[in-house]
Amino acid sequence: MSFKRRQYPFHLIEPKWQRHWASEETFRAWNPREERPADHPFTLRHGSTALPPKYYVLDMFPYPSGQGLHVGHPEGYTATDILARYRRALGYNVLHPMGWDAFGLPAEQYAVKTGQHPRKTTEENISNFRRQIKSLGFSYDWSREINTTDPDYFKWTQWIFLKLYQSWFNPEPNKAEPIDSLKIPDEISSPAETRNYRDEHRLAYISEAPVNWCPELGTVLANEEVIDGKSEVGGFPVIRKPMRQWMLRITAYADRLLEDLVPLDWSSSLKEMQRNWIGRSEGAEVQFSLGSSDRQMPVFTTRPDTLFGATYMVFAPEHSLIDELIPEEWPEGIPDGWKTGGISGSEPKTNPKEAIRFYREYASKKSDLERTDLAKEKTGIFTGAYALNPVNQEKIPIWIADYVLISYGTGAIMAVPAHDSRDLEFARQFNLPVREVVKSPENEDSIGFTGNGTSINSGMLTGMATPDAKKTIIAWLEENGKGRKTIQFKLRDWLFSRQRYWGEPFPIAWDENGHECLTEESLPLLPPDLEDYHPTKEGQPPLARATEWLNLPDGKRRETNTMPQWAGSCWYYLRYLDPSNQQALCDPAVENYWMGTIPESEESSSPPKGIVSKGIDLYVGGAEHAVLHLLYARFWHKVLFDLGLVSTSEPFFKLVNQGLIMGEDGQKMSKSRGNVISPDEIVLDYGADSFRLYEMFIGPLEMVKPWNTKGVEGVYRFLGRVWRLFIDEKAEKEFNQKCVSGQADPDQLLEVIQLDFRISNAPPTKEQTKSLHACIQKTTEDLDGMRFNTAISALMIFINEAMTWSERPAKILVEFLKLLQPFAPHLAEELFKKLIESRLLSPENESTGSISGLSYQPWPEFNRDLLIEDEWLMPIQINGKLRDRVTVPTGASKEDLETAALASEKIQKLIEGKQVRKVIVVPRKLVNIAITS
RNA sequence: GCCGGUGUGGCGGAAUUGGCAGACGCAAGGGACUUAAAAUCCCUCGGGGGGUGACCUCCAUGUGAGUUCGAGUCUCACCACCGGCACCA
């Protein structure tokens with residue numbers, strides 16, 4: 001940029017005001033009963049006793065990566081900052097905090113490579129992120145900055161884990177309760193059994209289930225972190241492996257997580273994603289008796305009405321019940337195709353045991369990737385065993401196949417190939433019988449029909465419509481003890497442990513009897529320092545290397561897993577409320593003020609406009625967290641709510657996902673594509689105000705949009721025009737010379753600059769007032785609707801008009817600065833200061849000057865009456881096509897408008913000789929004349 | 001495959017409950033200022049056709065139907081792109 005003259009001295013203005021805001025603590029958010037300095041602008045506006053209503057506007061806090069920010073990161077931050085500043089102007093007590101989600105894999109991987117402690121890497125990255133974010137002039141309350149890797153912070157993450165550990169989910173009140181309230185059944189007597197029973201009911205419990213193990217990363221991953229059989233981080237292969245893991249009982253909350261979505265102000269697509277993830281489906285559990293034994297096997301189906309069409313049964317390969325069923329020899333007359341597994345090149349197996357061993361091995365070797373990729377070709381093998389269909393006692397073969405998942409439903413299905421596409425595919429592969437039991441309404445071939453129709457070939461169900469058939473068969477099953485209505489969820493319990501170093505250690509110790517939790521008083525439990533961050537040779541997590549840390553004096557051993565990165569972000573929005581509280585994760589009164597539904601008793605009597613919502617008023621972040629973070633955080637919040645620690649059942653009342661900003665090539669910004677643009681270069685060339693403005697002007701917040709640095713120049717030119725509207729050219733020339741030559745203090749340099757001589761205390765003209773009020777109206781309405789791009793265009797329109805004025809009334813300009821302030825705060829502050837110092841404002845506006853700075857100036861209000869024109873240009877259409885425009889008085893009646901339209905010469909000519917069928921008059925819009933052609 | 005979203009000039013995007021399509025900005029072209037350039041200011045800027053001219057006229061919001069006095073906006077079908085889920089019985 002050295003080759004171009006600056007539009008205005010943003011390089012002096014921006015650091016100046018950032019320093020001012022920091023030293024004044026302009027953006028401190030005040031907690032109830034917190035003492036406020038008398039000269040703070042908040043106090044000057046609101047007094048020192050009452051607190052106005054709160055507005056909590058939150059950004060998803062970043063993971064501070066080594067690469068620093070790119071221009072996509074601050075998109076949401078800019079939007080929330082504009083709204084934070086707008087709400088302050090409206091008179092709210094605004095909480096707008098920032099912090100760091102700093103545990104995580106990249107710092108650890110760097111440590112593995114270099115031996116540098118992840119804490120060091122993390123701190124370096126944080127200070128770079130902080131520098132970048134601060135350079136953009138966001139109005140964060142930095143006194144509330146948090147860091148998930150800070151022991152003062154993760155102490156409370158561990159504390160919440162203890163709460164989870166010490167709670168169970170009581171299905172009766174449908175909420176979590178302390179584990180002591182869990183009744184131990186009478187048949188359980190021994191201490192060991194009692195202990196087991198408790199441990200099995202905790203919200204945090206141990207499971208041996210197969211997990212997603214990533215050998216490359218040396219850790220297990222949650223289902224959510226595995227994408228197409230590869231790790232979300234790094235894209236390494238993931239295999240299934242049984243391991244001892246901590247789980248969190250999120251499934252207990254499935255119903256509440258689903259139901260409580262309804263009142264939230266979230267986009268429907270986001271809610272839908274959560275609903276799909278939770279995956280509630282209604283159906284029935286049906287008991288099949290297993291051939292030779294008197295055992296029963298339940299299966300889950302959403303289509304119990306098709307029970308008569310069940311021609312075989314399939315178990316998941318991992319299902320252990322199979323072992324008890326398989327015969328020594330193949331039954332008579334089994335086709336060889338049933339014995340091969342459907343795997344190319346495989347020979348028929350000699351007996352069922354061999355077949356099952358073979359198939360299990362085959363299935364377990366498949367990675368998740370292959371399991372989905374090879375989905376086109378179904379595989380499976382006959383077990384030699386049979387089951388009895390409860391409705392007709394028909395003997396049907398039992399298979400194992402990997403298209404049936406061990407983790408969903410009962411791990412086994414009844415297969416109805418005629419009316420389920422997967423079963424049909426499988427049946428065709430192995431020549432299994434297909435029996436039609438639902439007639440499609442179109443009366444076509446009903447094989448493969450999966451919708452609602454009419455039952456056929458189905459005993460007592462025959463002739464019934466699908467919904468009736470479902471009800472009837474469920475009633476029959478319940479009466480006969482063969483099944484019941486049930487509900488299944490796709491949601492699984494949350495795999496909560498990781499074999500990593502750089503995460504919160506579990507406050508848990510083990511002995512030969514099992515696990516016990518540490519006391520609350522012993523928290524935080526710090527991770528030990530290590531030389532080597534690799535997992536051990538035995539596949540133990542890196543913490544197992546810290547022998548001193550590991551072994552406790554009483555012979556117990558510490559848990560060596562750590563918590564996943566999601567843990568810290570599950571509750572950070574609560575810590576912001578009371579970030580340095582040593583006694584509690586958050587003071588209840590403070591929590592209630594910022595998050596609660598009940599207004600503080602010290603509430604001001606005249607609340608500003610807008611609704612007072614529950615929880616966080618606005619949460620902005622990327623859609624990539626639509627299921628994981630948002631579901632986990634909602635889950636934790638509900639547990640805390642059940643335990644009486646927070647006052648709302650949902651944390652995020654309104655949530656908006658910002659769209660991605662793509663690179664200039666239209667591709668996703670990434671280091672490998674080389675299309676990353678850093679805010680640093682933009683701030684250097686055009687200043688933070690231009691950067692903020694462009695981020696918002698580029699398009700609607702929620703949309704995906706490409707970056708174009710040329711576009712920054714457009715908004716930069718706009719700010720240049722704002723500057724020139726206020727500033728005297730001659731004084732600026734002097735200033736520029738001093739800038740080039742002198743070593744003078746920047747703040748003094750800015751003093752040289754004087755207002756333009758056309759700015760005066762002259763009374764505004766009608767036109768000028770109208771321009772202003774149109775701008776106020778548009779800006780206000782657009783901010784309320786988060787339409788930042790059109791709000792900015794309204795500001796541009798005002799400036800384009802104001803540039804043509806020969807008299808520039810200070811009274812008008814000061815109001816404009818209040819509108820500009822949320823978007824371009826540095827420039828607005830500087831010009832506001834000049835205007836105040838000029839003493840051009842009339843006495844009733846002088847009160848404006850008693851509050852220092854712009855941040856707490858009341859938001860301008862518009863007067864609709866001023867916007868009404870005396871007359872307007874009314875379009876006249878004939879058959880919907882624009883034919884003429886005539887000027888009409890604003891208050892004209894419908895009759896007058898019709899007369900005026902028909903009086904137009906052009907219209908007269910066009911309707912001459914035609915029959916006017918109808919004249920539609922829409923006041924304030926148009927007149928349309930329908931004629932016959 | 002299922003669910004959700006989006007299709008408007010050369011580009012990013014505007015268009016209250018259906019009511020003047022293209023606000024605002026970028027790019028482009030022309031002009032003023034300048035020795036020159038940059039910056040700034042002014043003008044033009046969806047496409048076709050017509051007029052010396054203020055203008056006139058036809059066609060245009062992914063495609064095709066429909067509802068309506070009137071459709072970018074509502075309905076139906078289809079196409080393209082983006083995002084999510086993906087053997088969940």
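A, B, ... follow the sequence lines: proteins, then strands. Residue 1 opens every chain.
Place A623(A) and S268(A) on RNA chain B by their nearest nucleotides, and S268(A) ends up nearer the 5' end. With RNA chain B read from its 5' end, the first of the two nearest nucleotides for A794(A) and L910(A) is the one closest to A794(A).
Aromatic ring orientation, W805(A) versus F798(A): perpendicular (interplanar angle above 60°, classes split at 30° and 60°). Classified by interplanar angle (parallel below 30°, tilted 30° to 60°, perpendicular above 60°), the ring pair F10(A)/Y8(A) is perpendicular. Taking the six-membered ring where tryptophan is involved, the planes of H629(A) and H625(A) are perpendicular, since the angle between them exceeds 60° and thus also 30°.
A donor-acceptor contact closer than 3.5 angstrom is absent between the side chains of Y694(A) and N708(A). In summary, the side chains of D782(A) and T790(A) do present a donor paired with an acceptor at a separation below 3.5 Å, with no hydrogens or angles considered. A donor-acceptor contact under 3.5 angstrom links the side chains of S771(A) and E801(A), judged on distance only. For the 3.5 Å distance criterion, the side chains of T709(A) and Y686(A) fail to qualify, holding no donor opposite an acceptor.
Checking C3(B), C24(B), C56(B) against every side-chain atom of F697(A), the shortest atom distance belongs to C24(B). Among the nucleotides C20(B), A89(B), G4(B), the one closest to the side chain of P875(A) is C20(B). Here the nucleotide nearest the side chain of T301(A), chosen from A89(B), C41(B), C69(B), is A89(B). Checked against C85(B), A14(B), G25(B), the side chain of K490(A) finds its nearest nucleotide in C85(B). Nearest nucleotide to the side chain of I698(A), out of G13(B), C26(B), G12(B): G12(B). Listed candidates were A27(B), C69(B), C59(B). Nearest to the side chain of K710(A) is A27(B). The side chain of M703(A) lies closest to U6(B), out of A14(B), G25(B), U6(B). Side chain of R885(A), nearest nucleotide from C20(B), A39(B), G25(B): C20(B). The side chain of Q7(A) approaches U40(B) more closely than any other nucleotide in the set C59(B), C24(B), U40(B). In this structure, the nucleotide among A89(B), C87(B), A23(B) sitting nearest to the side chain of Y408(A) is A89(B).
S281(A) has a side-chain polar atom (N or O) that falls below the 4.0 Å cut-off from OP1 or OP2 of A89(B). Applying the 4.0 Å criterion to OP1 and OP2 of U68(B), one finds that R917(A) has every side-chain N and O outside that range. The phosphate of C24(B) (OP1 or OP2) has no side-chain N or O of R717(A) nearer than 4.0 angstrom. The phosphate of G25(B) has OP1 or OP2 within less than 4.0 Å of a side-chain N or O from N800(A). An OP1 or OP2 oxygen of C41(B) is reached within less than 4.0 angstrom by a side-chain nitrogen or oxygen of R724(A). The side chain of Q274(A) places no N or O atom within less than 4.0 Å of a non-bridging phosphate oxygen (OP1 or OP2) of G84(B). Under 4.0 angstrom from either OP1 or OP2 of G84(B) there lies no side-chain N or O belonging to N276(A). At the phosphate of G12(B), neither OP1 nor OP2 sits under 4.0 Å from any side-chain N or O atom of K705(A).
Nucleotide G9(B) carries a syn base; the chi torsion (O4'-C1'-N9-C4 or O4'-C1'-N1-C2) is within 90° of 0.
N789(A) comes within contact range of the sugar-phosphate backbone alone, with a heavy-atom separation under 4.0 Å but no base atom that close. Using a 4.0 Å heavy-atom cutoff across all strands shown, Q877(A) reaches at least one base atom of the nucleic acid. Counting any heavy atom pair closer than 4.0 Å across all strands shown, S269(A) reaches sugar-phosphate atoms only and no base atom. Here R924(A) lies out of heavy-atom contact (under 4.0 Å) with every strand. At the heavy-atom level, I413(A) lies under 4.0 Å from base atoms of the strands shown. Nucleic acid contact class of I920(A) (heavy atoms, under 4.0 Å, all strands): base. In this structure, L873(A) reaches the bases: a heavy-atom distance under 4.0 Å links it to at least one base atom across the strands shown. Within the nucleic acid shown, V922(A) comes within 4.0 Å of at least one base atom, counting heavy atoms only. Across all strands, K906(A) comes closer than 4.0 Å only to sugar-phosphate atoms, never to a base (heavy-atom distances).
At whole-Å resolution of the value, CH2 in W723(A) and C1' in A39(B) are 16 Å apart. Atom-to-atom, CG of D782(A) to P of G13(B) comes out at 17 Å; the value is rounded to the nearest Å. The NZ atom of K918(A) sits 9 Å away from the P atom of G70(B) (whole-angstrom rounding). Distance M696(A) CE to G13(B) C1': 14 Å, rounded to the nearest Å. To the nearest angstrom, C1' of G83(B) lies 19 Å from NZ of K271(A). The CD-P distance, from E702(A) to G83(B), rounds to 18 Å in whole Å. Counting to the nearest Å, the C1' atom of G19(B) and the CG atom of D884(A) are 17 Å from each other. In this structure, the CD atom of E905(A) is 13 Å from the P atom of C56(B), given to the nearest Å.
Distance noted for atom P between C24(B) and U75(B): 31 Å (whole Å). Spacing between G9(B) and G4(B) at atom C1', rounded to whole Å, works out to 29 Å. Nucleotides G1(B) and G49(B) have their P atoms positioned 44 Å apart, rounded to a whole Å. Nucleotides A65(B) and A60(B), compared at atom P, are 11 Å apart to the nearest Å. A54(B) and C45(B) have their P atoms separated by 11 Å, with the value rounded to a whole Å. Distance noted for atom P between U63(B) and G7(B): 13 Å (whole Å). The gap from the P atom of U8(B) to that of C82(B) amounts to 15 Å, rounded to the nearest Å. Atom name P, nucleotides G22(B) and A14(B): the rounded distance is 15 Å, in whole Å.
Below the 3.5 angstrom threshold, one finds a donor paired with an acceptor across the side chain of K378(A) and the base of C87(B).
A donor-acceptor pair under 3.5 Å is absent between the side-chain atoms of D420(A) and the main chain of A415(A), judged by distance alone.
Pairing partner, A80(B): U6(B), with both Watson-Crick or wobble hydrogen-bond distances short of 3.5 Å. With a cut-off of 3.5 Å on both Watson-Crick or G-U wobble distances, the partner of A60(B) is given as none. A 3.5 Å limit on both hydrogen-bonding distances identifies no Watson-Crick or G-U partner for A21(B). Base pairing annotation: U73(B) forms no Watson-Crick or G-U wobble pair, as no partner gives both donor-acceptor distances under 3.5 Å. Base pairing of G1(B) is made with C85(B), judged by Watson-Crick or G-U wobble geometry with both donor-acceptor distances under 3.5 Å.
Look at R692(A) and E695(A) and you find no salt bridge, because none of the NZ, NE, NH1 or NH2 atoms lies under 4.0 Å from a carboxylate O.
In this structure, K485(A) places its NZ atom where only 12 or fewer heavy-atom neighbours from other residues, nucleotides or ligands lie under 6.0 Å away.
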